[in-house]
Protein chains: 2
Amino acid sequence: MLLTSYNRERTAATLLHEAEPETLNGLFSRQPVEFIHPGQSIFFEGDEAKHVFEVVEGALRIFRIISDGRRVITGFVFDGDLLGVSLKRNYLYSAEAIVGTKVRRLTKKNFEAAVQDSEELRPQVFERVCDEMAAAQDQMVLLSCKSAEERLCTFLLKHLRRAAAKSDVQSMVQLPMTRQDMADYLGLTIETVSRTITKLSTKGVLGCVGRHSVKVIKPMLLAQLAGDDDEYGWGDAGAAEDRRHH
Amino acid sequence: MLLTSYNRERTAATLLHEAEPETLNGLFSRQPVEFIHPGQSIFFEGDEAKHVFEVVEGALRIFRIISDGRRVITGFVFDGDLLGVSLKRNYLYSAEAIVGTKVRRLTKKNFEAAVQDSEELRPQVFERVCDEMAAAQDQMVLLSCKSAEERLCTFLLKHLRRAAAKSDVQSMVQLPMTRQDMADYLGLTIETVSRTITKLSTKGVLGCVGRHSVKVIKPMLLAQLAGDDDEYGWGDAGAAEDRRHH
DNA sequence: CGGTCTCTTGAGTTAAATCAAAGGCGGTGG
DNA sequence: CCACCGCCTTTGATTTAACTCAAGAGACCG
């Protein structure tokens, strides 16, 4: 609602028989790009969910403010991600740019109409929603029982994989968000985040380069410290020790 | 895979033009009912997600076992709920009956075919998935920053509302799960759950009746202690105090 | 009625939060 | 280009809510 262009939008029918390979992101390709300044919001928790957004470039934080004024970040979205797909009537969270960000939008109505009519698009939406659910589950596991160090390592590992997938410079991870953002995302305080990063740095797992990027020196150790053991253990099933928390 | 009946199933086409009002649960109405004993699983994390289940009666716990043997319960499902809708290829969690439970199943293939072809069913699935996402978000908020007391009150309140919606006896809440289940769901230990319930009981908020049900005596106070302030505060916007955690 | 399993209660420990202050990065203006 | 200022981050000291360990009490079953 703070945005400038009230974009003229193509109808669902127009959207359809145009793009050749029919990708979800393709739906947005003719929409005007909107620039969001750092700290600016694209919608607020409780707003009517009128639009679906595609992030073209940049990064946003997705968060809720709870009764006592604290902020919980439920996720970050980056270029290529969609925002606002799995919502009924209202946004359940606010979305705010972390850095200068470019987005495109479609009305929810047009987005859904286009998806409904396409045999190709429907499974793509389904897949995105499933991924979102899986991420939410992982986050619940993290918040339920991981230690501060495990949380940070899990977080960094996720971003390392993102970077690797985009074939960026090996082992360099860009972290556009602040320490406070990480704290609010990981269910920790800023001090604990800072101390834990320092500790990982001291251990030689990683090296900080400025405030917003780290170089991962020992990715294997990082993965081990994350405590996921990616996909249930390494075969020694039934070794349910009596470990409890942390 | 532990189940007995390898049900003959109607085809998607057959499923469709039969039920008059076309509800999601209606899809399952002709499927055979399967009985699940307490502690028995209907599927395991990692299994190929072949079926979608409708819970007819009873209660199940949905959980993951993490590398060190601990269990994280990501949700409970009760009668009327569907299980296995928002999954791609494999189950992300195990599902185990808490008490004697009745379920019906459809192959994922048939379920999805039936849904795809129906203008009435598609939005119903979408709504269920949205509710699931919303529940996951709420749980993240709970795990991120709520105290033990707030967690328990939030949990009890949710179950109180369930009971109220089913027009059961006012203020009596059935809790079929064990204290350990609650602990694994709320990110606490069994001792903390027990102590917190005792404290709430001492305060006169509720009274325990046996192990598996409580009588809520002061529902308003319970809601207050849950710390949700259902939908961002009561108007005093901008009163972001300097409160931090718990 | 006795056994087993679950739950409660107590005592002590700990990881992370809180409170407090110093350090350093980045932007601005002289 | 450099000095200053503000904000973010780091580091230190202390507190605390929840965890761990341990033992006893109560519910439910045959």
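Naming: A, B, ... by sequence-line order, numbering from 1 per chain. Computed from heavy atoms alone, side chains included, the values below leave out hydrogens, waters and symmetry copies.
Sorted by first and then second residue, the salt bridge (charged side-chain N to carboxylate O under 4.0 Å, His left out) pairs involving residues 201-226 of chain A (not counting sequence neighbours) are Glu149(A)-Lys203(A).
Remark: Ser94(A) engages no residue in a side chain to side chain donor-acceptor pair (under 3.5 Å) (not counting sequence neighbours). Residues passing the side chain to side chain donor-acceptor pair (under 3.5 Å) test with Glu132(A) are Ser86(A), sequence neighbours excluded. Among residues two or more places apart in sequence or in another chain, the side-chain contact (heavy atoms from CB on, under 4.5 Å) test is passed with Arg71(A) by Arg61(A), Phe63(A), Ile65(A), Ile73(A), Gln180(A), Asp181(A), Asp184(A). With sequence neighbours excluded, the residues that form a side chain to side chain donor-acceptor pair (under 3.5 Å) with Asn25(A) are Glu54(A), Arg128(A). Here Asp81(B) pairs with nothing under the salt bridge (Lys or Arg N to Asp or Glu O under 4.0 Å) rule; sequence neighbours left out. Residues passing the side chain to side chain donor-acceptor pair (under 3.5 Å) test with Ser194(B), sequence neighbours excluded: none.
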Below 3.5 Å is the cut-off: list the nitrogen or oxygen pairs between protein and nucleotides 4-8 of chain C, distance only.
{"residue": "dT6(C)", "atom": "O2", "partner": "Arg211(B)", "partner atom": "NH2", "Å": "3.1"}
{"residue": "dC7(C)", "atom": "OP1", "partner": "Arg179(B)", "partner atom": "N", "Å": "3.3"}
{"residue": "dC7(C)", "atom": "OP2", "partner": "Arg179(B)", "partner atom": "N", "Å": "3.4"}
{"residue": "dT8(C)", "atom": "OP1", "partner": "Arg179(B)", "partner atom": "NH2", "Å": "3.3"}
{"residue": "dT8(C)", "atom": "OP2", "partner": "Arg179(B)", "partner atom": "NE", "Å": "2.9"}
{"residue": "dT8(C)", "atom": "OP2", "partner": "Ser194(B)", "partner atom": "OG", "Å": "2.7"}
{"residue": "dT8(C)", "atom": "O5'", "partner": "Ser194(B)", "partner atom": "OG", "Å": "3.0"}

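When the C1' atom of dC8(D) is taken as reference, atom CD1 of Ile98(A) falls 15 Å away, rounded to whole Å. Remark: P of dC25(C) and CG of Leu175(A) are 17 Å apart, rounded to the nearest angstrom. If you measure from atom CG of Leu186(A) to atom P of dA15(C), you get 19 Å, rounded to the nearest angstrom. In this structure, the NZ atom of Lys199(A) is 14 Å from the P atom of dG12(D), given to the nearest Å.
For dC19(D), one of the phosphate oxygens OP1 or OP2 lies less than 4.0 angstrom from a side-chain nitrogen or oxygen of Thr192(B).
Fit an axis to the five pairs at each end of the helix from dC1(C)-dG30(D) to dG30(C)-dC1(D) and the two axes sit 40° apart, to the nearest 10 degrees.
When distances are taken from the side chain of Thr189(A) to each of dA16(C), dC19(D), dA17(C), the shortest belongs to dA17(C).
When the nearest nucleotides of DNA chain C are assigned to Leu188(A) and Gly210(A) by heavy-atom distance, the more 5′-ward of the two goes with Leu188(A).
Using a 4.0 Å cut-off between charged side-chain N and carboxylate O, Lys146(A) and Asp68(B) make no salt bridge.
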